[in-house]
Undergrad: 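Have a look at the structure that comes next, please.
Side-chain atoms are counted along with the backbone in the values below, which use heavy atoms only and exclude waters and symmetry mates. Computed from a prediction, not measured in an experiment: that's the story for all the values here.
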Amino acid sequence: MPANFIQDLIDEHARTGRFGGRVVTRFPPEPNGYLHIGHAKSICLNFGLAAANGGACNLRFDDTNPTTEELEYVRAIEEDVRWLGFDWGERLYYASNYFEQMYQYAVALIRKGKAYVCDLSAEEIGEYRGSFTVPGRDSPWRNRGVEENLELFARMRAGEFPDGAKTLRAKIDMASPNLNLRDPVMYRILHARHHRTADAWCIYPMYDWAHGLEDSIERVTHSICTLEFENHRPLYDWFLDELGVHHPQQIEFARLNLSYTLMSKRKLLELVRRGVVAGWDDPRMPTISGLRRRGYTPEAIREFCARIGVAKADSVVDVAQLEHAIREDLNRRAARVMAVLRPLRVVIENYPEDRSEELEAINNPEDPSAGVRRVPFSRVLYVEREDFREDPPKQFFRLAPGREVRLRYAYFVRCVGVTKDPHSGEVTELRCTYDPATRGGDAPDQRRVKATLHWVSAAHALRGEVRLYDSLFTRADPEEVDAGRDFLDDVNPRSVEVLRDCRLEPSLAAASPGSRFQFERLGYFCVDADSRLGAPVFNRTVTLRDTWAKIERRQVGR
RNA sequence: UGGGCGGUCGCCAAGUGGUAAGGCACCGGUCUUUGGAACCGGUAUCGAAGGUUCGAAUCCUUCCCGCCCAGCCA
């Protein structure tokens with residue numbers, strides 16, 4: 001892992017002997033949604049720091065709010081962390097396992113006169129809190145006696161009061177410039193069934209009270225969290241110091257933001273619930289499961305996280321950075337294969353009708369050990385529609401009337417005719433001739449062609465479905481919404497395009513779900529879970545860099 | 001507005017008083033049976049202004065800008 005300010009701090013702690021040289025971190029997700037790429041940054045950081053310093057990293061579910069948390073989410077989170085390549089061993093914990101301990105800590109605070117039961121309503125608490133510029137006022141219940149508080153708190157736990165009737169609050173300072181210190185709520189009454197503790201509790205600890213205790217109980221040394229909790233650190237410090245328990249060092253870093261991507265769990269949930277996407281693992285989602293289904297590898301995600309660094313400045317990483325990481329990984333590892341997404345029929349007029357042959361193709365030019373395969377060639381082929389232009393613009397090197405190009409690993413062919421639909425005028429077929437002397441793709445006379453096209457033999461081709469993805473949002477920052485509009489208004493209407501009549505080279509017949517390929521000249525694709533034998537479905541993970549597209553965009557632009 | 005935290009190339013990000021790393025993106029070029037990959041080259045004086053110093057992105061002062069906080073969410 002590259003150096004960062006957190007590692008510097010750990011180094012300093014090692015020098016000064018704080019924590020006795022121990023390093024224990026934790027990844028503490030709330031099981032109220034699926035993990036996304038932003039969580040991956042945190043996972044890589046926490047597990048990475050632990051590994052780099054001979055420490056350990058806990059996986060702890062922060063399940064203090066039973067109204068939003070579910071078992072499905074804990075299962076998905078475990079799967080995603082494991083898939084990313086991290087192992088928590090026996091260190092799997094739940095905040096809910098500490099509820100009794102937390103309750104006892106709260107009693108201890110009451111005994112010290114540092115916490116009290118408050119009868120104010122939620123609304124009243126808000127009013128008493130004051131504002132940035134106006135100090136808060138003490139709750140009328142702030143000076144209840146210790147015994148009364150103890151009894152009331154016990155009765156809260158016993159279920160004697162309805163939801164919202166009372167809270168337990170820390171007695172700190174209603175005039176503090178830090179609003180988190182204005183007698184924050186520690187416990188609320190919630191008669192809700194918890195996915196792990198069932199009906200054992202009807203009071204649940206607030207995050208601010210619970211989180212620091214969880215870290216303390218687990219003897220965590222470095223509690224790494226995001227920037228917005230910086231304001232809360234003085235409160236955690238207060239709780240831990242009043243209790244006199246193990247006191248981890250909290251360190252805040254900037255969460256990951258990605259251009260054209262939403263990272264808010266609430267909004268991702270809404271996309272799922274409204275059916276804007278097909279589920280948490282929709283390949284357009286920035287979730288780990290979505291990226292996995294899209295064809296991303298854990299290696300690429302980890303490399304991405306390593307490269308973006310860790311710092312305290314708010315930032316938005318260009319999504320091109322993520323795409324670069326997966327291209328780089330797949331370029332090295334993915335087998336090359338030929339697939340025609342939008343088929344255009346080609347007849348090689350001088351190639352015998354009854355003949356076909358097999359040509360040798362390299363599986364991966366980046367990896368000689370991947371070997372070679374044979375692809376069938378015959379008189380009728382398919383090429384990509386966009387590889388032919390009747391009236392080619394400047395710098396378009398591909399097929400056009402009269403022009404010669406190379407069919408990859410096969411022959412040079414020249415376009416000698418174009419067949420069109422008499423009504424629509426649409427090109428329906430290309431008539432070509434081939435040069436038998438160029439078998440394999442080299443001309444003995446050293447003549448050159450400016451383009452090499454991918455192709456597939458019509459008679460041997462497999463049919464398949466290919467799903468092309470584009471970004472889910474049209475706006476670089478989907479969190480920013482124009483007045484009177486909704487973030488859903490910025491969903492890209494063309495975020496997915498399904499092509500159902502694609503032709504694939506026959507070697508793809510055996511491809512199993514999850515396997516990844518480079519479709520030559522097009523991009524990286526991954527077999528989707530919807531695939532069935534004889535009816536393969538591919539997701540486009542990412543396109544190849546496309547210089548021609550860039551040139552064309554420039555031409556159209558001016 | 002009170003408090004907290006930040007501002008180094010278009011986007012990330014090193015740098016911790018000695019004369020601005022790297023990655024992505026972009027622009028050129030080499031090579032090429034993927035207009036892919038690879039390779040070569042190009043692009044900043046550090047939010048601003050003062051000051052300290054032989055020397056400052058790094059120290060001091062003032063100012064400007066951005067983000068976070070007024071849930072019985074996390």
Undergrad: Pick base, sugar-phosphate or nothing for A:R182, based on heavy-atom distances below 4.0 Å to the nucleic acid.
TA: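 Here A:R182 touches no strand at all.
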Undergrad: Checking A:R307 against A:H324: is there a side-chain donor and acceptor pair closer than 3.5 Å?
TA: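 A:R307 and A:H324 do have a side-chain donor-acceptor pair below 3.5 Å.
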Undergrad: Strictly below 4.0 Å, N to O, side chains only: are A:D435 and A:R447 in salt-bridge contact?
TA: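 Looking at A:D435 and A:R447, the cut-off is met.
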Undergrad: Check the distance between B:G35's P and A:E552's CD and give it to me in whole angstrom.
TA: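 Answer to the nearest Å: 15 Å.
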Undergrad: Output the rounded distance in Å from CD1 (A:I6) to P (B:A14).
TA: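 Value for this atom pair: 11 Å.
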Undergrad: Mind checking A:N32 for me? I need base, sugar-phosphate or nothing, with any heavy atom below 4.0 Å counting as a touch.
TA: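 Answer is nothing: A:N32 stays at 4.0 Å or more from every strand.
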Undergrad: Say whether A:Y98 and A:E218, considering side chains only, have a donor N or O and an acceptor N or O under 3.5 Å apart.
TA: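 A:Y98 vs A:E218: donor-acceptor pair found between side chains.
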Undergrad: Does A:R389 make a cation-pi contact with A:F396 (under 6.0 Å, within 45 degrees of the axis)?
TA: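 Cation-pi check for A:R389 and A:F396: passes.
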Undergrad: Rounded to the Å, how far apart are A:I326 CD1 and B:A37 P?
TA: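 Roughly 15 Å, once rounded to whole Å.
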Undergrad: In this structure, how many angstroms lie between the P atom of B:C69 and the OH atom of A:Y236, rounded?
TA: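 After rounding, the reported distance stands at 13 Å.
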Undergrad: If you look at every strand shown and take non-hydrogen atoms under 4.0 Å, does A:R233 touch a base, only sugar-phosphate, or nothing?
TA: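 The answer is nothing, as A:R233 stays clear of every strand by at least 4.0 Å.
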Undergrad: For A:L227, answer base if it contacts any base atom (sugar-phosphate contacts may also be present), sugar-phosphate if it contacts only those atoms, and nothing otherwise; contact means non-hydrogen atoms under 4.0 Å.
TA: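 Answer is nothing: A:L227 stays at 4.0 Å or more from every strand.
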Undergrad: Using a 5.5 Å cut-off between ring centres and planes within 30 degrees, is A:F132 stacked on the base of B:G3?
TA: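 Stack criterion not met.
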Undergrad: Give A:L453 one of three labels, base, sugar-phosphate or nothing, depending on what nucleic acid heavy atoms sit under 4.0 Å from its own.
TA: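 A:L453: no heavy atom of the nucleic acid under 4.0 Å.
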Undergrad: Determine, using ring centers only, whether A:Y116 and A:W141 are less than 6.0 Å apart.
TA: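 No; A:Y116 has its ring centre 6.0 Å or more from that of A:W141.
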Undergrad: So A:Q321, base contact, sugar-phosphate only, or nothing? Heavy-atom distance under 4.0 Å.
TA: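 If one applies the 4.0 Å heavy-atom cut-off, A:Q321 turns out to touch a base.
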Undergrad: Just to be sure I understand the rule, does A:H454 reach a base, reach only the sugar-phosphate, or reach nothing, if contact means heavy atoms closer than 4.0 Å?
TA: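 Nothing, no heavy atom under 4.0 Å.
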Undergrad: Would you classify B:G71 as syn or anti? Syn applies when the glycosidic angle is within 90° of 0.
TA: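 With its glycosidic angle within 90° of zero, B:G71 counts as syn.
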Undergrad: Donor-acceptor pair under 3.5 Å: do we get one between A:R545's side chain and the base of B:G35?
TA: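 Check fails, no donor-acceptor contact within cut-off.
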Undergrad: Using whole Å, report how far CD1 of A:I125 lies from C1' of B:C72.
TA: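 Spelled out: CD1 on A:I125 to C1' on B:C72 is 6 Å.
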Undergrad: Could you state the atom-to-atom distance from CH2 of A:W209 to C1' of B:C72 in whole Å?
TA: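 One finds 16 Å between C1' of B:C72 and CH2 of A:W209, rounded.
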Undergrad: Between CZ of A:R403 and CZ of A:R398, what distance do you get to the nearest 0.5 Å?
TA: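 Atom-to-atom, A:R403:CZ and A:R398:CZ are 10.5 Å apart.
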Undergrad: Once you apply a heavy-atom cut-off of 4.0 Å, does A:Y204 come out as touching a base, just sugar-phosphate, or nothing?
TA: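 A:Y204: no heavy atom of the nucleic acid under 4.0 Å.
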Undergrad: Could you work out the separation of B:C11 and B:U16 based on their P atoms and round it to a whole Å?
TA: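 Here B:C11 and B:U16 have their P atoms 24 Å from each other.
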Undergrad: Going by purine N1 to pyrimidine N3 plus the second Watson-Crick contact, or the G-U wobble pair, all under 3.5 Å, which nucleotide sits opposite B:G2?
TA: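 Base-paired to B:C69.
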Undergrad: Using a cut-off of 4.0 Å on non-hydrogen atoms, how would the nucleic acid contact of A:K265 be classed: base, sugar-phosphate, or nothing?
TA: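 No contact.
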Undergrad: What does A:A122 touch in the nucleic acid at a heavy-atom separation under 4.0 angstrom: a base, only the sugar-phosphate, or nothing?
TA: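 It contacts base atoms.
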Undergrad: Starting at CD of A:Q518 and ending at P of B:U34, how long is that distance when rounded to a whole Å?
TA: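 Answer to the nearest Å: 11 Å.
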Undergrad: Taking donor-acceptor contacts at under 3.5 Å, does the side chain of A:E230 reach the base of B:G6?
TA: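 It does not, because no donor-acceptor pair links the side chain of A:E230 to the base of B:G6 below 3.5 Å.
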Undergrad: Is A:P135 touching bases, backbone alone, or none of the nucleic acid, heavy atoms closer than 4.0 Å?
TA: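 Answer is nothing: A:P135 stays at 4.0 Å or more from every strand.
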